[in-house]
Amino acid sequence: MPAQVEIARIAHPNPASDAERAAKMTDPVFGAVRTDHMVTIHYTEGQGWHDAQIGPRGPLPLDPSSAVFHYAQEIFEGMKAYRGADGSVKLFRPEKNAQRFQASARRLAMPELPEDLFVQAVEALVKADEAWVPTEGSLYLRPFLIATEGALGVRPSKEYMFVVIACPVGNYFKGESRAVTIWASRDYSRAVRGGTGFAKCGGNYAASLAAQAEATRNGCDQVLFLDAIEGKWIEELGGMNVFFVKKDGSLITPPLGGTILPGVTRDSLIQLAKDQGRTVHEELYSLEQLRADAQAGEVVEAFACGTAAIVVGIGQIKSPSGDFTIGDGKEGEFARSIRAELLNIQKGLGEDRHNWVRSI
Ligand SMILES: *Cc1c(COP(=O)(O)O)cnc(C)c1O
């Protein structure tokens, strides 16, 4: 089926000048800077994927009754392009994002974009917006799929639009490494067995915002979600997976079981840790056990991971049942070193043992 769809190039009448671009790229706020282009590909039942274009970035013309606005039939991806030391631009495991996009589509009863076409679209945008790939930082890419059929009946849409946009982002960490404080919510859940926890869909995020607001009210940076049935087992943050480092150097991370988003960063860190000869336990781990292990010095570090931040140390956990500190409350040595190792691979500086990097 992967018939090569031709992505038509629509010339941009007035792309940003070098000076405008340079000004916008100085210390960009995450997601705030728009590049010149976007990719759009349409889908209709019967016709399949068609009308693939790359052209000037602009508003999408959508009827107000489009299903995405009412029933949240929407999925997305998040990935980054880095400029390597040799000046070439690199993507990191884009096929993993393409495959996850298909898994998300199946769960949301949406058509699956062929893996090749997903990667082709992302590469086309990176090429068109190459000048927007910073030397420090990266170009964040946001592919997404929305249901565009104008009909208020509750059923899968018959029409969709796939879009890829991009924004230059700075280094999440400007030198210093900071540990975040996280709030273990008792009242809110993110996902439940049979639900959409493993799919990267906007609905999961909409449902997490009140919990995030609760975390902020409690002086925390992020929410830690526990399982929805027993309210006991650690799952993940609103948009990042979590790891714990034991005194013996082994790692613990919650297993993928339908309620956790299978992060590309999570998968990559598991591999890099195993390459170092470490044991990685993908096991259920309760908040109470973590508290006991942290207090006994059995667990010495905790960190969250995802494409945007790569790795961020967790210093403290607060919850309605009390607060506790992990290690010395600062980002640990393992988190710092594994972040550097992964970032080096992504930028083409470190040895790419697993063939993860794709130069374009
Ligand atoms: C995207 C996401 C992650 C991280 O996935 P990466 O592929 O590593 O960026 C983790 N949890 C949730 C809920 C996410 O949406």
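Positions are given from 1, in the same order as the sequence printed here.
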(request) Could you tell me the separation between the CD1 atom of Ile146 and the CD atom of Glu74, rounded to the nearest 0.5 Å? (result) 8.0 Å
Run the side-chain donor-acceptor check on residues 192-212: report pairs under 3.5 Å with partners two or more places apart or on a different chain.
residue, atom, partner, partner atom, Å
Thr196, OG1, Asn204, OD1, 2.7
Asn204, ND2, Thr196, O, 2.9
Asn204, ND2, Ala199, O, 2.9
Ser208, OG, Tyr205, O, 2.8
Gln212, NE2, Asp221, O, 3.0

(message) Could you walk me through whether Ser319 and Arg291 satisfy the side-chain contact (heavy atoms from CB on, under 4.5 Å) test, starting with their C-alpha distance in whole Å, then the side-chain angles of each, then the deciding distance to 0.1 Å, before giving a yes or no?
(response) CA-CA 11 Å; Ser319 78; Arg291 184 198 307 273; 3.9 Å; yes
(message) Looking at every non-hydrogen atom in both residues, tell me the closest pair between Gly297 and Lys247 and how far apart they are.
(response) O-CD, 3.5 Å
(message) Would the distance check show the side chain of Glu149 and the main-chain N or O of Lys158 forming a donor-acceptor pair, the cut-off being under 3.5 Å?
(response) yes
(request) Could you grab the distance from atom CD of Glu130 to atom OG of Ser88, nearest 0.5 Å is fine? (result) 8.5 Å
(request) Provide the closest heavy-atom pair for Pro111 versus Leu145 in the form atom of the first, atom of the second, distance. (result) O-CD2, 3.8 Å
(request) Group every Ile, Leu, Val, Met, Phe, Trp and Tyr by side-chain heavy-atom contacts under 4.5 Å, then state whether Leu251 and Ile310 land in the same group. (result) yes
(request) State, without any angle test, whether Ser157 and Gln73 hold a side-chain donor-acceptor pair at a distance under 3.5 Å. (result) no
(message) Distance check, rounded to the nearest 0.5 Å: Met161 atom CE versus His42 atom NE2?
(response) 4.5 Å
(message) Treating His37 as the side-chain partner and Val126 as the backbone partner, does any N or O pair qualify as donor plus acceptor under 3.5 Å?
(response) no
(request) I would like to know whether Lys232 and Asp227 meet side-chain contact (heavy atoms from CB on, under 4.5 Å); could you show each step before the answer? (result) CA-CA 6 Å; Lys232 171 177 176 182; Asp227 80 283; 3.9 Å; yes
(request) Over all heavy atoms of both residues, which pair between Ala179 and Ile314 is shortest? Give the atoms and the distance, please. (result) CB-C, 4.2 Å
(request) Answer yes if Leu342 and Val311 sit in the same cluster of Ile, Leu, Val, Met, Phe, Trp and Tyr residues linked by side chain heavy atoms under 4.5 Å apart, and no otherwise. (result) yes
(message) Using every non-hydrogen atom in the two residues, find where Asp63 and Ser66 come nearest and quote the distance to one decimal.
(response) O-OG, 2.7 Å
(request) Identify which one of Lys127, Arg142, Met79 satisfies the side-chain contact (heavy atoms from CB on, under 4.5 Å) criterion when paired with Val122. (result) Met79
(request) Look up atom CD1 in Ile234 and atom CD1 in Ile182, then write down how far apart they are to the nearest 0.5 Å. (result) 8.0 Å
(request) Say whether Gln271 and Asp275, considering side chains only, have a donor N or O and an acceptor N or O under 3.5 Å apart. (result) yes
(request) Kindly say whether Ser17 contributes a backbone atom to a donor-acceptor pair with the side chain of Glu20 at under 3.5 angstrom? (result) yes
(message) Any non-hydrogen side-chain atom of Pro255 less than 4.5 Å from a side-chain atom of Tyr285?
(response) no
(request) Flag the pair Glu236 and Arg266 as a salt bridge only when some basic side-chain nitrogen lies within less than 4.0 angstrom of an acidic carboxylate oxygen. (result) no
(request) Please step through side-chain contact (heavy atoms from CB on, under 4.5 Å) for the pair Thr253 and Leu269, ending with a clear verdict. (result) CA-CA 11 Å; Thr253 192; Leu269 295 183; over 6 Å; no
(message) Quick check against the 3.5 Å criterion: does Gln120 have a side-chain atom that pairs as donor or acceptor with the backbone of Val5?
(response) yes
(request) Decide yes or no for Met38 and Leu60: does some side-chain heavy atom of the first lie under 4.5 Å from some side-chain heavy atom of the second? (result) yes
(message) Please tell me whether Trp49 and Val68 are part of a single hydrophobic cluster in this structure, the criterion being side-chain heavy atoms less than 4.5 Å apart.
(response) no
(request) Give a yes or no on whether a salt bridge exists between Glu214 and Arg186, defined as a side-chain N under 4.0 angstrom from a carboxylate O. (result) no
(message) Does any part of the side chain of Met240, heavy atoms only, come nearer than 4.5 Å to the side chain of Thr265, both counted from C-beta?
(response) no
(request) Decide yes or no for Val119 and Arg358: does some side-chain heavy atom of the first lie under 4.5 Å from some side-chain heavy atom of the second? (result) yes
(message) Set out, in order, the CA-CA distance, both residues' side-chain angles and the distance that settles side-chain contact (heavy atoms from CB on, under 4.5 Å) for Ile338 and Phe243, then state yes or no.
(response) CA-CA 12 Å; Ile338 202 84; Phe243 282 84; over 6 Å; no
(message) Side chains of Glu95 and Glu115, heavy atoms from C-beta outward: is any pair under 4.5 Å?
(response) yes
(message) Tell me whether Glu341 is salt-bridged to Arg353, with the criterion being a basic N under 4.0 Å from an acidic carboxylate O.
(response) yes
(message) Can you confirm whether Lys318 is buried at NZ, in the sense that more than 12 heavy atoms of other residues, nucleotides or ligands lie under 6.0 Å from that atom?
(response) yes
(message) Just so I know, are the side chains of Tyr71 and Leu152 near enough to count as touching, which here means a heavy-atom distance under 4.5 Å?
(response) yes
(message) Quick check: do Tyr43 and Thr148 have side-chain heavy atoms less than 4.5 Å from each other?
(response) no
(request) Could you check whether the rings of Phe118 and Phe162 sit parallel, tilted or perpendicular, using 30° and 60° as the cut-offs? (result) tilted
(request) List in chain and number order the residues that pass ring pair (Phe, Tyr, Trp, His ring centres under 6.0 Å) with Tyr82, two or more places apart in sequence or in another chain; answer none if no residue qualifies. (result) none
(message) Any side-chain to backbone donor/acceptor pair from Glu235 onto Arg190? Under 3.5 Å, distance only.
(response) no
(request) Can you establish whether the number of heavy atoms outside Arg21 located under 6.0 Å from its atom CZ is more than 12? (result) yes
(request) Supply the atom-to-atom distance Lys246 NZ to Asp293 CG, rounded to the nearest 0.5 angstrom. (result) 5.5 Å
(request) Without swapping roles, check the side chain of Arg278 against the backbone of Ala273 for a donor-acceptor pair under 3.5 Å. (result) no
(request) Over all heavy atoms of both residues, which pair between Asn97 and Phe92 is shortest? Give the atoms and the distance, please. (result) OD1-O, 4.1 Å
(request) Calculate, to the nearest 0.5 Å, the distance between atoms CZ and OG belonging to Phe225 and Ser189 respectively. (result) 8.0 Å
(request) Check whether any side-chain heavy atom of Glu112 sits under 4.5 Å from a side-chain heavy atom of Arg106, and report yes or no. (result) yes
(message) Filter on ring-ring contact (aromatic ring centres under 6.0 Å, His included), then keep only pairs touching residues 320-353, sequence neighbours left out; what's left?
(response) Phe303-Phe334
(message) Can you tell whether the side chains of Arg93 and Asp267 come within less than 4.0 Å, N to carboxylate O?
(response) yes
(message) With clusters defined by side-chain heavy atoms of hydrophobic residues (ILVMFWY) lying less than 4.5 Å apart, directly or transitively, does Met25 cluster with Leu125?
(response) yes
(request) Using modelled atom types only, decide if a donor and an acceptor are shared between the side chain of Arg57 and the backbone of Ile165 within a distance under 3.5 Å. (result) no
(message) Let me check something: do Leu139 and Val89 share a hydrophobic cluster, defined by ILVMFWY side-chain heavy atoms less than 4.5 Å apart, either directly or through other members?
(response) yes
(message) Ignoring hydrogens, what is the shortest heavy-atom contact between Ile326 and Ala302? Give both atom names and the distance.
(response) CD1-CB, 3.6 Å
